[in-house]
Amino acid sequence: LAISIGRRFTTFENESEMTLIILEVILCFSIWLAQVFLGSLLIVGFQRLIGAHWLYHIESRLRLFLNFKFLMTLFVLFLGLFYLRGHLYPWIDLSQVRGSFAKNYFTSWFFLLRLFIDFSVFATLIYYLKKQVRGIGPIVLIAVLLFGSQFVADWVMSLNPHWKSTGFELIFLVSSIVLTYSLAVVSMTEKALDNEMMDIGSVHFSVIATWTYLTIMQLIVIWSGNLPDESTWYISRLHTSWKYLALFIGIFQIAIPLFLLLVRKLKASLIATRRLGFASLISQSVFTFLMIEPSLHPTGFANVSGLLIFAVLVFATLWFYSQRLRHE
């Protein structure tokens, strides 16, 4: 359906171009699913750490993502992407990589080994979460911070092998929390107690504010440094047609939610909370798309079909998720 709609707006030069676009969208969608999974691990791990009763309303909506079937689906997707990495990642040609350490780091066997290690750790965390092991909360948080950062560096940052950032992994993981938290808020069907709703809204404000702070501070630090390799990541997103997606995120993820979540009556309202959560959910999904696509097309937004296919996949997943929740 998305491809058919996209053909009305875009003319493909050949079938290989359409195949490449679909492959890029699958990468974006796989990263989006990985964010949902990592965000669920972090939120549930935090709940196990502090034992907050009001956070149970959020945790209960995330159990569908913390199972071995969902993890295996993710693993198969990334295994397929590894097989097709030559169409997406420039480091497949080691001559494009600088430094002996980077050349060894991006060898195929070592990259595949890291993929197996990451998912083995994630599977172990799910197993012990299901066993309700005492003290598992801080272990989950530390493990996701370590191996989640490794996962981000491999699958997202390596799209620009010469770009380095010590804060991007943290931005990605906080973005995962915002995305997953917003998804849980949108799926809430029963209003919690007034004080619990206030807590849910306050945490929503906190995670959005944290993500905003980290994102803007990284921009300021990199831009003030004026280093070509580091600034390139932002130039392709802020000085080309990709800037309109960045503007969309600035309005619907930063300006509107942060302002409205300061209003106590809105935080106590289930309807308003769900609508703000939906705005954050869509904005963070666009942010995921914006993390990937400009690295593949740095000159600007060239094809609307990719965004349409990605949107269909995301909304189909949300529909399937809502249907599963109804049968829980």
Side-chain angles (χ1 to χ4, degrees), residues 1-7 9-10 12-40 64-65 67-93 106 108 111-112 114-116 118-119 122 148 150-161 172 175-176 179-180 183 236-237 242 245 281-298 300-321:
L1 175 61
I3 294 173
S4 300
I5 295 173
R7 285 183 181 276
F9 299 94
T10 307
F12 295 104
E13 294 181 359
N14 48 56
E15 291 300 321
S16 61
E17 180 186 358
M18 184 179 69
T19 303
L20 183 58
I21 289 173
I22 294 175
L23 182 59
E24 292 171 358
V25 172
I26 292 175
L27 173 61
C28 294
F29 181 64
S30 300
I31 296 297
W32 185 85
L33 289 177
Q35 282 192 290
V36 172
F37 174 76
L38 293 174
S40 299
L64 290 178
F65 300 116
N67 58 70
F68 293 108
K69 290 182 179 179
F70 186 75
L71 184 64
M72 183 57 65
T73 301
L74 276 178
F75 180 72
V76 171
L77 281 172
F78 282 100
L79 202 61
L81 289 170
F82 172 79
Y83 178 75
L84 299 170
R85 65 194 182 281
H87 301 285
L88 298 169
Y89 293 91
W91 50 259
I92 191 68
D93 180 8
F106 285 116
S108 297
F111 192 94
L112 186 61
R114 294 197 301 272
L115 178 65
F116 274 96
D118 290 341
F119 276 87
F122 298 151
Q150 171 64 61
F151 179 85
V152 175
D154 280 349
W155 291 98
V156 181
M157 290 185 64
S158 66
L159 288 167
N160 303 88
F172 183 93
S175 174
S176 302
L179 174 66
T180 311
L183 176 60
S236 62
R237 288 161 175 80
W242 292 111
L245 290 184
L281 176 61
I282 299 302
S283 299
Q284 283 299 320
S285 300
V286 173
F287 180 70
T288 302
F289 190 82
L290 194 62
M291 282 192 293
I292 306 297
E293 282 293 318
S295 298
L296 302 170
H297 302 282
F301 189 82
N303 200 309
V304 72
S305 299
L307 184 58
L308 287 173
I309 298 171
F310 176 71
V312 170
L313 290 173
V314 169
F315 280 105
T317 304
L318 296 179
W319 178 84
F320 179 75
Y321 169 68

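Positions are given from 1, in the same order as the sequence printed here. The analysis underlying the following values was restricted to heavy atoms, covering all of them including side chains, and did not include hydrogens, waters or symmetry mates.
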Side chain proximity check, [X] to [Y], heavy atoms < 4.5 angstrom:
X: Ile309; Y: Phe29; result: no
X: Trp242; Y: Leu290; result: yes
X: Phe310; Y: Leu313; result: no
X: Leu281; Y: Leu318; result: yes
X: Phe75; Y: Leu71; result: no
X: Ile31; Y: Val152; result: no

Using 0.5 Å steps for rounding, measure from the [atom1] atom of [X] to the [atom2] atom of [Y].
X: Leu79; Y: Met72; atom1: CG; atom2: CE; answer: 10.0 Å
X: Leu27; Y: Ile292; atom1: CG; atom2: CD1; answer: 5.0 Å
X: Leu33; Y: Phe78; atom1: CG; atom2: CZ; answer: 8.0 Å

Are Tyr321 and Phe65 close enough that their ring centers fall under 6.0 Å?
yes
What do you reckon, are the aromatic ring centroids of Phe106 and Tyr89 less than 6.0 Å apart?
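Between Phe106 and Tyr89, the centre distance exceeds or equals 6.0 Å.
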Which pairs count as side chain to side chain donor-acceptor pair (under 3.5 Å) when at least one residue sits in residues 284-297, sequence neighbours excluded?
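As it turns out, the side chain to side chain donor-acceptor pair (under 3.5 Å) pairs with a partner in residues 284-297, which skip direct neighbours, are Glu24-His297, Trp32-Ser285, Gln35-Thr288, Asn160-Ser295, Ser175-Gln284, Arg237-Ser295, Gln253-Gln284.
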Taking all atoms of both residues into account, what is the closest heavy-atom pair of Ser158 and Pro90, and its distance?
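Minimum heavy-atom separation between Ser158 and Pro90: O-CD, 4.1 Å.
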Minimum-distance pair of heavy atoms, taken over all atoms of Leu88 and Leu159
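Looks like O-CD2, 3.7 Å.
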Crowding at CZ, Phe68 (>12 non-hydrogen neighbours, <6.0 Å)
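Enclosed: over 12 neighbouring heavy atoms sit under 6.0 Å from CZ of Phe68.
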Is a donor on one side and an acceptor on the other found under 3.5 Å between the side chain of Asp118 and the backbone of Leu115?
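It does not hold such a pair.
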Suppose we screen for salt bridge (Lys or Arg N to Asp or Glu O under 4.0 Å). Which residues come up paired with Asp154, at least two apart in sequence or across chains?
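Salt bridge (Lys or Arg N to Asp or Glu O under 4.0 Å) list for Asp154, sorted by chain: Arg114.
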Classify the ring geometry of Phe82 against Phe111: parallel below 30°, tilted from 30° to 60°, perpendicular beyond 60°.
parallel
